[in-house]
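Worksheet for the structure shown next.
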Amino acid sequence: MDNRIIARILAEIGEYLEMAGENFKPRAYEKAAGSVANLDEEAGSIYRRGGIKALEEIPGVGESIAEKIEELIKTGKLKYYEKLKKAAPVNLTELSRIEGLGPKKIKKLYEELGVKSVSDLERAAKSGRIRTVPGFGEKSEEDILKGIEFLKKSKGRFILGFIMPEVRKIEEELKKLSLASRLEVAGSVRRMKETIGDIDILASVKGGKDFDRRAKKMMSAFTSMDEVEHIYAEGPTRASVRLNFGLDADLRVIPESSYGAALLYFTGSKDHNIALRNIAIKKGWKLNEYGLFKGQKIIAGKTEEDIYSALGLQFIPPEMRENTGEIELAAEEEIPKLVGYDDLRGDLQIQTDWTDGSSGIADYAEEAMGKGLEYIAITDHTKHLAMTGGLDEKRLANQGKEIDKINSRIRKAGKRFRVLKGTEVDILKDGSLDLKDEALVKLDIVGAAIHSYFNLSEDEQTRRLIRAMENKNVHIIFHPTGRIINRREPIKLNIDEVVRMAKKTGTVLEVDAYPDRLDLKDEFLRKCVEAGVKISINSDSHEVSQLKYLYLGIGQARRGWAKKSDVINAWPLDKTLSFLKR
DNA sequence: GCCGTTTTCGGCCCGACTGTTTTCAGTCG
């Protein structure tokens with residue numbers, strides 16, 4: 001039984017206990033679920049290694065939860081969980097996705113009306129029975145129907161790179177009003193999470209006696225924007241709305257003196273904030289969105305730096321704030337200097353109109369120069385991918401001649417820029433490659449990638465990838481897990497083994513920066529960084545405008561704690577090339 | 001149910017907003 005399933009069951013137990021009116025147990029289960037989900041090792045393997053005592057080493061897991069995990073590992077079932085489910089057989093996960101509905105209300109609806117699912121809920125609301133339940137009224141009934149409608153329309157979380165233009169547009173519109181002294185999108189957007197659930201906007205206005213008036217003006221400007229489709233809540237300092245492109249947005253207005261505290265708070269993550277608050281508590285202080293306080297006296301609040309520093313911590317970049325060890329590093333002054341958003345010098349994965357891309361090589365060179373890059377690699381698909389018009393050895397050689405011409409034109413124009421010859425060679429089912437070694441050895445950059453047989457077992461898939469890495473001509477594995485966010489699951493891989501073999505063979509692993517790939521993802525990148533495996537951040541462009549997606553790959557690499565020295569295309573070209581010639 | 005510079009008991013992050021209530025429980029982030 002894998003960690004995700006164990007974590008989900010623990011989290012559900014927490015919700016059932018909350019329904020039952022328990023006070024602190026739900027949080028204990030929720031916390032344990034979070035740690036299990038974040039484990040590097042399968043709980044089953046921890047248990048086999050050290051038994052129940054080893055399970056108790058997991059943060060938030062004590063005697064009782066360890067026994068429950070043991071039962072799940074041994075029997076695949078958990079009596080305690082089955083009992084809770086039987087006592088209240090409702091689809092909690094589904095129902096609590098409706099805005100405004102939590103465990104307590106769900107319990108009431110189940111007890112009074114027998115509501116078990118969203119479809120039960122819809123019937124109850126439409127027939128006017130919700131309003132008869134104590135604590136509910138006509139408004140609640142309406143809100144529930146609206147919530148159901150929204151749930152039917154929305155497809156869960158939005159992919160950051162695709163929604164970013166809309167986010168920036170809202171941000172720009174609000175800034176244009178010139179009502180706020182500072183305004184910023186915080187939350188998961190600022191942490192560069194690959195998907196986001198909503199937009200958290202933070203604005204500050206001058207404090208003092210006119211604060212209320214200024215804040216109110218800001219709030220009403222926000223809720224009356226053209227994009228606002230529905231207002232969930234609107235108070236003097238906080239409003240929550242649904243935007244017409246299907247995303248929810250929150251605005252908080254705070255006085256300037258609290259901007260740093262509020263930015264810290266609204267950037268999250270929630271777990272990071274809780275950990276910071278606990279540090280404050282241990283010092284006898286209190287941390288909230290208005291500042292860090294000792295009694296009534298404010299110690300810090302104007303900037304995030306001030307607050308971290310007062311807590312005895314180094315500044316932590318937003319992308320690292322997930323409470324997965326960064327606070328401990330900050331206490332030791334060991335936060336790494338992460339690769340920066342301006343650090344990339346080249347892009348090593350680009351598809352052109354020779355295969356399934358729609359822009360030509362020269363256009364890419366032009367666009368990349370305009371973006372300040374110093375090199376790009378052309379890496380079209382190979383013959384096995386017939387639907388893309390993949391290149392065979394002969395067409396690849398012809399493409400090389402065109403690249404030579406383009407490079408000489410660039411040189412004659414006196415520009416320092418180079419187009420590298422490359423390929424995205426297909427990894428076949430058995431791990432062999434789609435092009436002959438004689439063709440590969442002539443190229444500057446050989447990326448290899450899996451595009452077929454996504455359903456092999458973990459063992460087969462891992463051996464397949466390792467065989468590709470063992471080819472001396474392969475420099476980089478492109479999008480190693482093959483996932484497409486919200487569409488395709490990653491292939492099954494023993495990632496630790498892959499990282500180990502990448503280190504041994506000197507193979508680079510990629511962060512494909514395309515918005516719905518971001519592959520490798522953050523947690524796997526951390527493993528690379530720890531093991532000393534180099535990474536490259538590439539756009540996987542199929543059209544010149546897609547070079548802009550590199551920033552998403554950088555964000556993901558920062559979430560994986562990568563430094564400039566870990567990223568081969570953040571280096572000068574001669575260093576990169578000599579590194580690749582192992 | 002977990003945990004410990006509050007250490008084996010007594011705490012557990014904190015504040016805004018809503019709807020349905022006449023003072024607050026529930027939800028959210």
Side-chain angles (χ1 to χ4, degrees), chain A residues 10 13-35 55-69 80 95-109 130-144 147 186-189 191 196-202 215 219 223 231-241 248-254 258 261-262 264-293 312 323 331:
Chain A
L10 293 176
I13 291 175
E15 289 184 315
Y16 282 120
L17 291 171
E18 186 129 3
M19 270 179 94
E22 289 279 355
N23 274 323
F24 295 104
K25 284 190 199 180
R27 227 168 297 163
Y29 277 93
E30 189 191 341
K31 197 171 174 220
S35 330
L55 291 175
E56 285 184 40
E57 296 294 308
I58 302 168
V61 175
E63 201 183 323
S64 169
I65 294 183
E67 279 171 14
K68 293 189 172 66
I69 297 176
Y80 180 64
L95 284 166
S96 55
R97 279 182 63 202
I98 290 168
E99 177 81 23
L101 227 49
K104 299 279 168 59
K105 287 187 181 174
I106 293 172
K107 185 183 184 212
K108 262 193 184 164
L109 291 171
I130 303 274
R131 69 183 75 176
T132 65
V133 179
F136 290 80
E138 273 184 51
K139 187 75 170 58
S140 327
E141 199 168 84
E142 253 173 61
D143 287 347
I144 283 171
S188 44
V189 172
R191 299 204 313 283
I196 61 168
D198 59 10
I199 319 178
D200 298 293
I201 306 165
L202 182 65
M219 292 308 320
T223 53
I231 300 172
Y232 294 111
E234 182 178 8
T237 64
R238 204 201 108 200
S240 182
V241 304
D248 290 346
D250 281 358
L251 174 70
R252 277 298 287 262
V253 183
I254 40 94
S258 298
L264 186 64
Y265 177 71
F266 289 105
T267 297
S269 67
K270 192 177 173 211
D271 289 341
H272 181 87
N273 286 343
I274 290 174
L276 292 184
R277 284 177 184 201
N278 283 328
I279 294 175
I281 290 168
K282 274 176 199 149
K283 292 180 187 283
W285 302 339
K286 185 178 78 168
L287 177 62
N288 59 27
E289 60 262 55
Y290 299 106
L292 180 62
F293 296 90
N323 194 29

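Chain naming here is simple, since letters A, B, ... match the order of the sequence lines and numbering starts at 1 in each.
- The side chain to side chain donor-acceptor pair (under 3.5 Å) check on Y232(A) picks up R242(A), D248(A), with sequence neighbours excluded.
- Annotation: cation-pi geometry not satisfied between K108(A) and F136(A) (NZ/CZ under 6.0 angstrom from ring centroid, within 45° of ring axis).
- Applying the side chain to side chain contact (heavy atoms under 4.5 Å, CB included) criterion to T237(A), with sequence neighbours excluded, gives F211(A), R252(A).
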Contact state string [nucleotides 14-19 of chain B, B base, S sugar-phosphate only, - no protein heavy atom under 4.0 Å]:
BSBSSS
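- A stacked arrangement is not assigned to F24(A) and the six-membered base ring of dC2(B), the conditions of a centre distance below 5.5 Å and an interplanar angle below 30° not being jointly met.
- Whole-Å rounding puts the I13(A) CD1 to dC2(B) C1' distance at 15 Å.
- The base-pairing partner of dG1(B), taking Watson-Crick or G-U wobble contacts with both distances under 3.5 Å, is dC12(B).
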Counting only pairs under 3.5 Å, give me each side-chain donor-acceptor contact of residues 273-282 of chain A, with atom names and distances, residues two or more places apart or in other chains.
unit_1, atom_1, unit_2, atom_2, d
N273(A), ND2, Y265(A), O, 2.9
R277(A), NE, L287(A), O, 3.3
N278(A), ND2, I274(A), O, 3.3

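- By the side chain to side chain donor-acceptor pair (under 3.5 Å) test, S140(A) pairs with no residue at all, sequence neighbours left out.
- Distance CD1 (I106(A)) to P (dT27(B)): 7 Å, rounded to an integer number of Å.
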Dump every N/O contact between nucleotides 23-26 of chain B and the protein below 3.5 Å, one line per pair.
none

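- Rounded to whole angstrom, the span from the CD atom of E18(A) across to the P atom of dC12(B) amounts to 17 Å.
- dG29(B) atom P lies 13 Å from atom CZ of R191(A), rounded to whole Å.
- With sequence neighbours excluded, the residues forming a side chain to side chain donor-acceptor pair (under 3.5 Å) with E234(A) are T223(A), listed by chain and number.
- The backbone N or O of T267(A) sits less than 3.5 Å from a side-chain atom of R191(A), completing a donor-acceptor pair.
- Atom pair E22(A):CD and dG11(B):P shows a separation of 18 Å (rounding to whole Å applied).
- In this view, A249(A) and I199(A), F222(A), V241(A), L243(A) satisfy the side chain to side chain contact (heavy atoms under 4.5 Å, CB included) rule, not counting sequence neighbours.
- Here dG29(B) presents its C1' atom at 15 Å from CD1 of I196(A), a figure rounded to the nearest Å.
- E141(A) pairs by the side chain to side chain donor-acceptor pair (under 3.5 Å) definition with R131(A), not counting sequence neighbours.
- For R27(A) and dC13(B), the shortest distance from a side-chain N or O to OP1 or OP2 is below 4.0 Å.
- Of the candidate nucleotides dG29(B), dC13(B), dC2(B), dC2(B) has the atom nearest to the side chain of A28(A).
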